[in-house]
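Inspection log for the structure reproduced underneath, given as structure tokens.
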Amino acid sequence: MKNRNSFKKRSARIAVLLFGLVALLGGGYLVLGLLEGEPVHAGPPTVKLINQSQYANTIAYVFGEDISVPPQFPPVNRIDGLLALGSANTAITPGVVERFYRYGNQIARQVMEPGRREYLVPCNPANAEGADAQCATLFIEQVGRLLYRRALQEEEVSGYVTMAGSAADTVNDFYLGLTYVLTAMLASSEFVLIADRLEDVPGKPEQHRLDGYSKASRLSFFLWNSSPDEQLLEAAESGELHDRAGLERQVERMLSAPKYRESIRGFFADMLQFDEFENLAKDSLIYPAYSPSASEDAAEQILRMITHHLVDLRGDYRDIFTTRKTYMSNALGALYQVPVDPGVDFVPYEFPRSDSRAGLLSHVGFLSLHSHPGRSSPTVRGVGVRESLLCQPVPLPPPNVDFSNFEDPAGEFKTARERLVRHSSDAACANCHMITDPVGLGLENFDGAGQFRTTENGVVIDVSGELDGIPFHDPATLGEAVRNNPATTACLVERMFAHSINRQIQFEDRTVVERLEKRFSKLGYRVPELMRNIALDEAFFAVSLEEESAAEEIVSVH
Amino acid sequence: MARKDMTRRRFLRGMMAGSAVTVGLPFLEIFLNANGTALASGAPIPVRFGTWFWGLGMNKNIFVPKKTGKDFDLPEEIESLASIKQHINLFTNFNATTDGRPNLCHYTGWVVLRSGGVPLDRGDLPGQSVDVTIADAIGRGTPFRALDVTATGDARDTYSFRGRNAYNVPEVSPAKLYQNLFGPRFHDPNSGTFTPDPKIMAEKSVLSGVVEQTASLSRSLGHEDKVRLDQYFTGLRDVENQLALYLEKPEPRPACQKPGVIDEEFPSGVDSKLVAQRHELMTQILVMALACNQTKVFNMTYANSFANTVKAGYDKGHHTITHEEIEDPVLGYQVMASWFNRRAMESWAYFVKQFADFPEGDGSLLDNTLIYAHSDQNYAKIHSIDGIPMFTAGTAGGRLKTGLHVDGGLTPGTRLPFTLQRVMGIDVASWGEGANRATTDISEILV
């Protein structure tokens with residue numbers, strides 16, 4: 001430990017020196033990864049299952065946004081707060097593959113529908129009732145490259161063309177032949193599994209690095225939440241991504257592309273556990289205003305608020321916990337008691353100063369997601385804040401809790417605070433409830449559907465409390481306490497870095513994480529700057545075959 | 001609500017319009033041998049295996065019958081089982097133990113009863129679930145090795161797994177379940193003619209070619225990722241096999257009638273009425289899928305182990321109420337928690353009844369089926385895992401007695417899945433680990 005500490009201090013000093021230097025040279029932004037020579041911890045190469053939004057974004061890029069992508073992808077486990085890490089660990093059962101085949105078939109059929117195929121297939125077959133090798137080749141080369149995120153090998157192309165041809169001849173339909181090939185390509189591991197590929201470092205045959213295509217994919221899924229585009233693939237092929245200046249050029253281009261917003265949306269939807277919205281339903285008798293469309297809009301509202309704040313305004317990440325600027329839709333209007341014209345999609349909206357709402361925590365999406373179907377839960381909300389925003393795992397309740405202390409047959413407890421106070425009186429419960437409940441009690445002015453209230457069962461709700469020693473007296477000041485909590489920004493950096501490299505952060509990653517945190521702070525907690533720094537850090541592409549869990553083997557899989 | 005009802009009616013109409021009583025029609029009888037136990041080809045009617053899961057156990061005082069053996073009583077929490085009593089066995093007082101490991105609430109219990117092992121943590125799934133073992137043994141030769149469905153609308157609600165991180169993902173939507181089973185690829189096994197569809201032939205040969213070509217690519221991977229890639233190829237081979245099966249003339253199945261189209265999506269949510277309706281619709285599709293030989297193995301989740309089922313207008317869900325509700329001083333049990341348990345038992349009765357009422361051969365589909373049902377806890381309020389209630393339904397082709405209440409005398413609950421595997425023809429001498437190791441059959445139920 002002693003060694004590690006002194007090492008940390010040393011790297012911090014170097015970082016500060018370099019910061020000054022680069023700040024002078026680098027102009028508007030700061031690049032990292034200049035600590036060459038500092039050891040960077042490298043994880044094993046990863047194989048990750050493409051997730052639903054990445055799949056959808058890729059299909060939209062390759063075939064257009066009007067192709068509908070099936071909802072409800074197979075679920076994966078959340079690991080260290082992120083489904084992204086679950087995707088890099090999940091086993092792949094036959095049922096999952098069967099689903100991907102089905103999805104592929106649904107998409108291929110849409111692509112080859114009359115009206116679409118005329119522009120999605122870059123040529124007209126000489127004979128639509130049979131094989132046309134030339135036209136099939138054009139299509140397969142063009143599409144295959146974007147789906148497989150690499151150039152297809154010659155024998156792959158010729159193999160696919162032959163298969164498409166004999167299928168077309170069998171069924172007397174050129175487009176049906178292509179449908180089957182496209183289905184199989186969309187179901188192929190080459191598309192569905194995002195697998196790192198390694199190559200020898202030129203001149204250093206003992207060392208490996210990610211090949212250009214793998215770097216392109218890593219960049220693209222990180223900065224666009226989608227597959228690489230043609231330009232990025234070209235950069236991979238030309239070696240540009242192995243070159244510092246070339247890499248910077250691509251990262252700049254990607255950060256300023258409209259698609260960059262998708263990465264912010266994808267990352268925060270994961271970190272904030274928005275997959276839970278898929279199964280979120282409220283009791284319609286208790287919360288009649290919480291319609292399915294309100295639920296959908298509640299998630300969208302937060303994603304718009306965050307994306308606007310972080311990308312359009314280049315805002316400080318911490319301010320998403322205090323900002324009064326958001327968006328409002330018609331379906332949400334009923335829950336917020338804000339009149340919005342019917343049929344209005346989303347309009348910018350600002351909570352007035354007199355309103356108790358400010359920041360992420362007082363958005364309906366956060367409040368309703370972390371509640372029961374028929375009532376609010378300070379504990380569940382507290383767990384939500386601790387685990388998903390502060391990266392502080394809360395232990396599960398012990399199996400043998402004696403609930404008799406909490407029974408309230410006479411209905412004496414009018415508010416959640418009165419009910420929960422009992423938990424704190426029981427030593428076995430208190431340890432965890434004291435870290436979750438005070439935060440959640442600060443949000444009790446909002447019911448299980450996120451609607452504002454001042455009383456519960458006729459008793460005025462007390463929303464004061466403290467978060468890690470910082471007092472708050474209402475939801476807005478609770479937002480400020482979360483904003484100023486050092487764990488808030490540290491958590492984001494950890495999650496973002498883990499998400500970018502597809503693996504859990506280990507102790508050995510501390511050096512990198514700490515320097516990323518420092519840069520994040522110096523650069524005013526601008527998330528795009530954080531992502532730039534990650535993408536340009538040598539740790540981002542670092543992979544090693546020397547991990548014990550990844551004994552080197554060249555595998556030919558059958 | 002009207003929407004849901006309409007869906008159900010439409011489905012039933014579809015079945016009835018196709019005359020579900022077709023089994024009685026003489027022309028179909030020619031497909032069966034004289035005593036109705038085998039198909040005309042000589043192949044016996046297959047025995048199917050399935051599981052049914054409900055969360056949060058029971059209120060023992062009003063669930064466990066006073067009498068054992070035949071003629072057992074039906075205390076109030078299971079009084080809805082009257083109509084299926086003769087088709088089921090109830091197993092109480094069987095033990096599951098943590099074997100010195102932590103009792104992971106709503107997890108350890110069902111993992112023990114599904115796999116025989118005790119999990120170390122919440123991500124741990126020792127071995128594979130018993131339905132997977134059975135599916136691997138008998139599930140070939142049908143388009144689907146197993147059908148996994150959940151009535152909760154949540155694809156995470158499954159109790160079938162091949163190992164850590166390898167859950168089998170259930171279908172959540174009745175419409176999608178219908179489409180997968182009875183969509184364009186479905187061929188009526190009773191239609192006289194069969195011509196292999198050249199489109200499926202072409203599709204299959206393309207898939208085989210692409211898989212072969214991809215598999216020949218070499219790459220450097222760690223061991224675990226190599227395993228995952230292998231799993232992927234295994235899955236693709238399964239899809240190929242599925243397509244290949246659609247190219248074979250299916251064996252006539254007299255009881256098979258393609259149900260009417262279901263294409264409306266159910267709303268999401270776990271309101272108990274909605275769950276019951278989703279469960280009914282999915283059960284009907286499942287029953288027909290079995291009759292049409294689309295699969296031989298199935299897993300149905302009625303409610304998950306943390307059952308979050310709600311009652312409209314009542315602000316606490318099932319799981320919350322099991323912990324927070326006081327036992328009624330007069331009745332001696334948790335009234336609302338029991339309300340939810342009773343809904344689960346009604347759905348279990350519905351499930352079994354659908355199988356029992358569905359004619360097949362000279363008996364019912366249930367006669368050729370073995371269903372294993374269990375929960376995750378005994379008394380959810382205190383997370384006890386000793387005496388988790390279990391059921392079986394069906395005789396597995398005449399191999400099991402039914403209509404019995406068996407008291408396990410605190411012997412391992414794993415004895416039931418152990419016995420059921422042996423009934424299904426799997427040669428195991430023991431099953432389970434440590435204190436949960438089962439070595440003796442539950443002989444009371446064996447014919």
Side-chain angles (χ1 to χ4, degrees), chain A residues 44-45 47 72 74-75 77 89-98 101 156 159-160 163 167 170-171 176-177 180-181 184-185 187-190 193 195 197-198 278-279 281 283-286 292 372-375 396-397 399-400 403 406-407 409 545 549-558, chain B residues 103 105 123 145 148 153-156 162-169 172 198-199 201-203 205-207 209-210 213-216 218-226 228-236 238-239 267-270 310 312-317 320 323-324 326 381-383:
Chain A
V47 175
Q72 289 179 325
N77 285 340
N89 283 280
T90 187
I92 295 140
T93 55
V96 168
V97 181
E98 199 249 325
Y101 187 80
E156 279 178 298
Y160 291 2
M163 289 177 239
T170 305
V171 298
L176 206 46
Y180 297 143
V181 169
M185 289 170 84
S188 164
S189 54
E190 294 299 290
L193 298 178
R197 285 164 195 277
L198 302 192
E278 264 185 32
N279 297 296
D283 189 313
S284 57
L285 295 177
I286 300 173
H372 296 302
R375 61 171 181 159
L396 290 159
N400 52 351
F403 283 89
F406 317 130
E407 284 161 359
L545 282 172
S549 62
E552 180 173 2
E553 50 183 315
I554 302 295
V555 188
S556 191
V557 188
H558 286 275
Chain B
N103 177 7
C105 307
R145 193 185 301 192
D148 299 285
D154 187 335
R156 292 169 299 187
R162 287 187 175 272
R164 198 179 180 103
N165 287 328
Y167 282 106
N168 288 313
V169 181
V172 298
K199 288 181 180 169
M201 247 187 271
E203 183 179 352
S205 90
V206 168
L207 176 63
V210 170
Q213 199 145 32
T214 313
S216 68
S218 55
R219 44 174 74 80
S220 50
L221 286 177
H223 174 71
E224 280 174 31
D225 286 330
K226 177 197 173 301
R228 294 170 67 219
L229 202 59
D230 279 343
Q231 286 170 335
Y232 202 89
F233 282 103
T234 305
L236 284 174
D238 270 21
V239 178
S268 63
V270 283
V310 291
Y314 191 74
D315 70 348
K316 294 175 189 176
T320 309
H323 293 308
E324 297 189 356
I326 191 166
K381 184 181 176 99
I382 56 165
H383 299 119

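Predicted model only: the values in this text are computed from it and were never measured.
- Ranked by heavy-atom pairs under 4.5 Å with chain A, the first of B/T234, B/T320, B/D225 is B/D225.
- A donor-acceptor pair under 3.5 Å is formed between the side chain of B/R228 and the backbone N or O of A/V47.
- Heavy-atom distances place both the backbone and the side chain of B/E203 under 4.5 Å from chain A.
- In this structure, chain B has a heavy atom under 4.5 Å from the backbone of A/E278, while its side chain stays farther away.
- With chain A as the partner, the residue from B/L236, B/I382, B/V270 showing the most heavy-atom pairs under 4.5 Å is B/L236.
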Inset, instruction - Before giving the answer on side chain to side chain contact (heavy atoms under 4.5 Å, CB included), spell out for A/H372 and B/K316 the whole-Å C-alpha distance, their side-chain angles and the decisive distance to 0.1 Å. - result: CA-CA 7 Å; A/H372 296 302; B/K316 294 175 189 176; over 6 Å; no
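- The choice from A/L193, A/V171, A/N77, A/T90 that makes the most heavy-atom pairs within less than 4.5 Å of chain B is A/T90.
- Ranked by non-hydrogen atom pairs under 4.5 Å with chain B, the options A/P94, A/P75, A/A281, A/G177 are led by A/P75.
- In terms of heavy atoms, B/G313 sits closest to A/L285 at N-CD1, 3.6 Å.
- Of all non-hydrogen atoms in A/N279 and B/G153, the two that sit nearest each other are OD1-O, 2.8 Å.
- Of all heavy-atom pairs between A/A187 and B/Y232, the closest is O-OH, 2.7 Å.
- Both the backbone and the side chain of A/P74 come within contact range of chain B, judged by heavy atoms closer than 4.5 Å.
- With sequence neighbours left out, A/E98 forms a salt bridge (charged side-chain N to carboxylate O under 4.0 Å, His left out) with A/R102.
- Heavy-atom pairs under 4.5 Å with chain A peak, among B/A155, B/G317, B/G163, at B/A155.
- Heavy-atom distances place both the backbone and the side chain of A/Y160 under 4.5 Å from chain B.
- Across A/P373 and B/V310, no two heavy atoms sit closer than the pair CG-CG1, 3.6 Å.
- Between chain B and the options A/V96, A/V181, A/I286, the largest number of non-hydrogen pairs under 4.5 Å is found for A/I286.
- Both the backbone and the side chain of A/I92 come within less than 4.5 Å of a heavy atom of chain B.
- The shortest heavy-atom contact between B/F233 and A/S189 is CZ-OG, 3.7 Å.
- Using a 4.5 Å cut-off between heavy atoms, B/D238 contacts chain A through its side chain alone, with no backbone atom that close.
- Across every non-hydrogen atom of B/D315 and A/G374, the tightest pair is CB-O, 3.2 Å.
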Inset, instruction - Could you walk me through whether A/T93 and B/Y167 pass side chain to side chain contact (heavy atoms under 4.5 Å, CB included), step by step? - result: CA-CA 7 Å; A/T93 55; B/Y167 282 106; over 6 Å; no
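- The part of A/D283 that comes within reach of chain B is its side chain, from C-beta onward, which places non-hydrogen atoms under 4.5 angstrom from that chain.
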